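All values reported here derive from a predicted model rather than from experimental measurement.
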Amino acid sequence: MGTRQGSGDRHREEEAMLDLIILSLHFFICFLISIAIWCGPKDVDLHSSSTRTETEPDGLIFIGKEEDIKKSQRITAKINGREIVVFYHEGKFHALDSRCYHEGGPLYCGEIEDINGQACIVCPWHKFKITLETGEGLYEGINPLESSPTPKWQSKGVKQRIHTVTIDNGNVYVSPPDFSVSFDSDYFADKYKNGGELAMGNKGTQKLQD
C-alpha cells in the first residue's frame, strides 16, 4: 500500500514539474516574441514615446538627422498622425504628403524622374507626376489649335501639399502645415491618418491603371 502511495506521489510530482516546465517555456516564448516586436522596424512617428518629439520655439518639428536622411534618400514621418515623406535628391531636401493626390498611392515607393528640368516623384499606382519643389501635377498634352500639335508637359496646378524643410545644425525640421490653404492631397492624408496604411510596404494593394 505504501509503495503504491509513494509511486502515486512521485507521479503527481512529475506531472507538476512537467506543467511548470511547459508554463516556463510558454512565458519564455512570449518574452522572445515581445522582444522581436519591440526591436522590429518602425516608422518615424513624431508623436511616439520612442521618438524625439520636441517642437522648437519657432514651431519647427524635428524629422531626423541630416546625414541619416542623406544616406537613405527618403524617409516617412508622421505629424499629428499625418504621414509625410521627405526626399533628399540632388543636394536638396523636399517634403510633401506621402499619399498621391490622385487616388492615395504611396509616393514613398515611387521613382524620381527629371521632366523639363524639374525633379518629379512618379506615383507607383497610376504614374502621376508631381514636382518635388512645388507639388504641381504635370501631364503631357497638346494644343489642338497649333498647326502641328506636339505633346508638351503642362501643369495642372499645385495638387500635393508641400511641407517647408529647414536644416539646422545637422538636424532636419519641417514647418507645421498651413491649413488655411487646402490641396487635393489633403483628402488622402486625412483618410490614411492615424492607423491607415503606411507608405512603405503597400505594393500589395497596388491598383490597375484606369
Side-chain angles (χ1 to χ4, degrees), residues 41-46 51 61 63-141 151-167 172-175 177-178 181-210:
K42 300 178 178 65
D43 282 328
V44 177
D45 190 337
L46 300 184
T51 309
I61 303 170
I63 295 297
K65 303 298 291 184
E66 180 179 4
E67 287 305 313
D68 291 340
I69 301 176
K70 283 182 176 180
K71 289 177 182 178
S72 65
Q73 300 291 301
R74 59 185 68 188
I75 186 175
T76 55
K78 284 188 177 181
I79 304 174
N80 293 325
R82 184 190 191 97
E83 190 180 66
I84 68 169
V85 58
V86 179
F87 294 100
Y88 179 72
H89 180 70
E90 295 185 348
K92 292 184 179 181
F93 288 91
H94 307 275
L96 56 160
D97 284 348
S98 69
R99 289 286 173 172
C100 178
Y101 71 89
H102 175 228
E103 285 193 6
L107 297 182
Y108 178 90
C109 301
E111 299 294 331
I112 296 176
E113 293 183 4
D114 182 277
I115 298 177
N116 284 352
Q118 299 183 88
C120 297
I121 183 68
V122 181
C123 179
W125 279 5
H126 301 101
K127 308 305 178 186
F128 274 53
K129 278 77 170 172
I130 303 168
T131 63
L132 294 179
E133 192 75 35
T134 63
E136 291 177 79
L138 299 185
Y139 72 100
E140 205 169 18
K152 295 179 181 178
W153 287 103
Q154 303 178 51
S155 174
K156 302 176 184 177
V158 178
K159 299 290 186 177
Q160 198 78 14
R161 181 178 292 276
I162 295 297
H163 302 268
T164 303
V165 179
T166 299
I167 311 299
V172 178
Y173 302 88
V174 297
S175 301
D178 177 11
V181 181
S182 62
F183 299 93
D184 289 7
S185 65
D186 290 341
Y187 172 80
F188 290 102
D190 289 337
K191 179 178 179 180
Y192 289 96
K193 189 175 181 180
N194 294 325
E197 298 175 72
L198 300 180
M200 293 183 291
N202 288 329
K203 292 186 177 180
T205 59
Q206 184 170 341
K207 301 180 181 180
L208 297 177
Q209 184 165 353
D210 296 335

**Q** If the threshold is 4.0 Å, N to carboxylate O, is there a salt bridge linking R82 and D186?
**A** yes
**Q** With the side chain counted from C-beta on, respond yes when C123 and H102 share a heavy-atom pair under 4.5 Å apart, and no when they do not.
**A**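 Counting from C-beta outward, C123 and H102 never come under 4.5 Å.
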**Q** How close do L138 and C120 get, counting heavy atoms only, and between which atoms?
**A** CD1-SG, 3.6 Å
**Q** Is there a donor-acceptor pair closer than 3.5 Å between any side-chain N or O of Q160 and the backbone N or O of R99?
**A**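 Checked: pair present.
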**Q** At what distance, to the nearest 0.5 angstrom, does CD1 of I63 lie from OG1 of T166?
**A**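 Answer rounded to 0.5 Å: 10.5 Å.
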**Q** List in chain and number order the residues that pass side-chain contact (heavy atoms from CB on, under 4.5 Å) with V165, two or more places apart in sequence or in another chain; answer none if no residue qualifies.
**A**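 So V165 forms a side-chain contact (heavy atoms from CB on, under 4.5 Å) with F93, A95, I167, V172, V174.
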**Q** Measure the spacing between NZ of K193 and CD of E83 and express it to the nearest 0.5 Å.
**A** 12.5 Å
**Q** Enter the distance from K129:NZ to C100:SG here, rounded to the nearest 0.5 Å.
**A** 11.0 Å
**Q** With heavy-atom distances below 4.5 Å as the criterion, would you say the side chains of K159 and F128 are in contact?
**A** no
**Q** For residues S98 and L107, determine if any side-chain heavy atom of one lies less than 4.5 Å from a side-chain heavy atom of the other.
**A**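 A side-chain contact is absent here, since even the closest heavy-atom pair is not under 4.5 Å.
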**Q** Does a side chain donor of either H163 or D97 reach within less than 3.5 Å of an acceptor in the other side chain?
**A**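 Yes, a side-chain donor-acceptor pair sits under 3.5 Å.
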**Q** With rounding to the nearest 0.5 angstrom, report the CD to CD1 distance, E111 to I121.
**A** 7.5 Å
**Q** Can you tell which of Q73, R74, H94 makes a side-chain contact (heavy atoms from CB on, under 4.5 Å) with I112?
**A** R74
**Q** Report yes or no: do T131 and Q118 form a side-chain donor-acceptor pair below 3.5 Å?
**A**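 Absent: no donor and acceptor within the cut-off.
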**Q** Could you check if a side-chain atom of L132 sits within less than 4.5 angstrom of a side-chain atom of L96, using non-hydrogen atoms only?
**A** yes
**Q** Between the side chain of K127 and the main-chain N/O of W125, is any donor-acceptor distance below 3.5 Å?
**A** no
**Q** Report the distance from atom CD of E67 to atom OH of Y88, rounding to the nearest 0.5 Å.
**A**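 Output value for this atom pair is 8.0 Å.
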**Q** May I ask you to check whether over 12 heavy atoms, not counting those of K92, lie within 6.0 Å of atom NZ?
**A** no
**Q** Using 0.5 Å steps for rounding, measure from the OH atom of Y187 to the CD atom of E103.
**A**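 CD of E103 is found 10.0 Å from OH of Y187.
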